[in-house]
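These notes are about the structure you will find just below.
For clarity, every value in this text was computed on a predicted model and none was experimentally measured.
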Amino acid sequence: MLEVLISATNAFCKHMKVDLNRLPSPDGKRIGTQPIASGNNVIAWQVHAVKGYRNRKRYTDVIAVEARSRYAILFSNPMFSDLDEFAERFTNRWVRESIHMAMESGATTEEQAQSMYDQFLDMEKEIRFVRNTDLSVNGHVADAEQWLSQSYEQYGLEQLDESEEIGLGMHRINCVHKKARLFPGARQMERFIPMSRMVDDWLFRFAKGLSVWAYPETPHGDFPNPFPAATATVIGQEAPLALPDNVVSLDEVRKRKKSQQA
């Protein structure tokens with residue numbers, strides 16, 4: 001099973017009008033500001049809500065940044081009705097952008113897009129929402145916020161449509177070099193491009209059997225594991241995952257929607 005850990009800031013909780021449990025702290029330190037990390041069976045995102053560029057009295061934009069790659073997904077004035085809707089629209093964007101980048105990188109072909117999507121659907125997943133702010137990842141959220149504000153100002157806009165959100169992310173925010181520690185607690189800083197790391201993550205998880213190249217210590221046809229052993233455990237993951245008030249099952253969301261449409 002893949003856990004999609006959503007570390008939500010206080011601003012996001014206020015915007016969505018939800019009271020989420022805090023990320024559990026094994027040592028009782030850094031409560032509310034614990035580091036998050038992606039690993040073999042978890043992908044962690046920091047999510048924040050931003051007050052509008054022209055209307056500073058209410059939250060409009062939502063920004064999600066993945067912990068390892070610092071890849072940013074932007075939502076300009078999205079008006080999510082609840083966490084279920086956020087979960088579905090967020091994952092749809094993650095899937096669409098990742099498949100597009102995998103093909104653009106040359107690692108996969110257009111004919112393999114359906115196979116990647118099927119692998120994504122077939123993998124059992126849970127989205128786990130917690131109230132927490134990883135300050136190091138949130139710094140990259142602030143960078144994305146600046147890009148949004150500059151776009152609004154430059155073009156005289158109050159919001160972007162979806163194609164503009166994706167374009168700003170792919171052609172501005174996610175294609176420039178970033179600096180961050182390899183994993184929480186690491187001493188050395190690394191320079192990397194968010195798009196490249198997100199593609200590596202996606203290929204490892206959802207492009208099994210699709211590689212035409214062979215990699216050391218990697219099953220034939222698969223892409224290599226990009227995660228060092230030190231990131232295998234996310235801080236706070238020792239706590240039980242069964243938290244009914246802040247866990248969203250994507251399969252259940254889809255089932256409810258189908259029953260409503262029937």
Side-chain angles (χ1 to χ4, degrees), residues 4 6-9 11-16 43-108 110 113 116-117 120 127 137-178 180 192-202 206 250 253:
V4 184
I6 304 293
S7 171
T9 64
F12 180 82
C13 293
K14 289 179 181 178
H15 174 55
M16 298 298 297
I43 183 166
W45 297 79
Q46 182 66 56
V47 181
H48 181 57
V50 181
K51 291 190 176 179
Y53 168 66
R54 298 185 184 278
N55 184 356
R56 304 302 297 179
K57 293 184 178 180
R58 67 184 183 92
Y59 295 103
T60 54
D61 305 328
V62 171
I63 301 170
V65 173
E66 196 272 322
R68 176 179 178 270
S69 66
R70 268 39 175 194
Y71 185 88
I73 295 178
L74 312 174
F75 297 95
S76 174
N77 201 22
M79 304 298 290
F80 298 115
S81 59
D82 53 27
L83 290 182
D84 282 352
E85 184 183 355
F86 170 79
E88 185 166 33
R89 288 173 58 186
F90 163 75
T91 51
N92 283 341
R93 282 284 296 276
W94 169 32
V95 170
R96 287 174 54 198
E97 294 185 25
S98 295
I99 290 178
H100 174 78
M101 289 187 296
M103 294 187 297
E104 286 292 306
S105 72
T108 60
E110 187 174 348
M116 287 187 284
Y117 185 61
F120 174 83
I127 290 189
V137 182
N138 213 53
H140 295 269
V141 173
D143 289 343
E145 179 185 350
Q146 284 293 107
W147 278 103
L148 271 173
S149 296
Q150 290 171 8
S151 296
Y152 295 148
E153 184 175 13
Q154 181 177 357
Y155 299 108
L157 301 173
E158 294 190 10
Q159 67 182 80
L160 307 180
D161 62 30
E162 186 176 67
S163 64
E164 291 168 333
E165 295 167 355
I166 295 173
L168 178 60
M170 286 191 170
H171 303 303
R172 293 291 186 271
I173 301 171
N174 294 315
C175 63
V176 297
H177 280 93
K178 303 282 187 179
F192 55 87
I193 296 176
M195 289 177 66
S196 297
R197 279 195 170 182
M198 178 52 69
V199 168
D200 289 344
D201 182 291
W202 178 267
F206 305 115
L250 295 180
V253 172

- Item | Gap between atom CD of Glu88 and atom CG of Asp82 - 0.5 Å precision | 10.0 Å

- Note on the structure: Taking every heavy atom of Ala49 against every heavy atom of Thr9, the minimum-distance pair comes out as N-OG1, 4.1 Å

- Message: Keeping Asn174 on the side-chain end and Gly169 on the backbone end, is there a donor-acceptor pair under 3.5 Å?
- Response: yes

- Item | Validation row, ring centre Phe75 to ring centre Phe80 under 6.0 Å | yes

- Item | Note, Arg93 side chain near Ile166 side chain (heavy atom, < 4.5 Å) | yes

- Message: Less than 4.5 Å apart, side chain to side chain, heavy atoms only: is that true for Met170 and His100?
- Response: yes

- Note on the structure: The side chain to side chain contact (heavy atoms under 4.5 Å, CB included) partner of Leu160 among Asp61, Leu148, Leu74 is Leu148

- Message: Once rounded to the nearest 0.5 Å, what's the spacing between atom OG of Ser69 and atom CZ of Arg197?
- Response: 8.0 Å

- Of all the heavy-atom pairs spanning Ala144 and Ile63, show the shortest one and how long it is. CB-CG2, 3.9 Å

- Is the backbone N or O of Gln146 less than 3.5 Å from a side-chain atom of Ser149, with the two atoms forming a donor-acceptor pair by type? no

- Evaluate the side-chain proximity of Glu158 to Tyr152: yes if any heavy-atom separation is below 4.5 Å, no if none is. no

- Note on the structure: Interatomic distance, CG@Asp143 vs CD1@Ile173, rounded to 0.5 Å, equals 8.5 Å

- Would you please indicate if the ring centroids of Trp94 and Phe120 are separated by under 6.0 Å? yes

- Note on the structure: From the list His177, Arg68, Lys178, side chain to side chain contact (heavy atoms under 4.5 Å, CB included) partner of Phe192 resolves to Lys178

- Query: Does a side-chain heavy-atom distance below 4.5 Å link Ile127 with Thr91?
  - Reply: yes

- When rounded to the nearest 0.5 angstrom, what is the spacing between CD in Gln46 and CZ in Arg70? 10.0 Å

- Task: Find the distance between CG (Asp201) and OG (Ser98) and round it off to the nearest 0.5 Å.
- Result: 7.5 Å

- Message: Just to verify, which of Trp45, Phe86, Tyr59 counts as forming a ring pair (Phe, Tyr, Trp, His ring centres under 6.0 Å) with Phe12?
- Response: Phe86

- Item | Criterion side-chain contact (heavy atoms from CB on, under 4.5 Å) on Phe90 and Ile6, from CA distance to verdict | CA-CA 11 Å; Phe90 163 75; Ile6 304 293; 4.0 Å; yes

- Task: Can you measure from NE2 (His48) to SG (Cys13) and round to the nearest 0.5 angstrom?
- Result: 11.5 Å

- Item | Evaluation steps, side chain to side chain donor-acceptor pair (under 3.5 Å), between Tyr155 and Glu164 | CA-CA 12 Å; Tyr155 299 108; Glu164 291 168 333; over 6 Å; no

- Look at the side chain of Glu165 and the backbone N and O of Ser76, then say whether any donor-acceptor pair between them is shorter than 3.5 Å. yes

- Query: Just wondering, do His15 and Val62 contact through their side chains at under 4.5 Å, heavy atoms?
  - Reply: yes

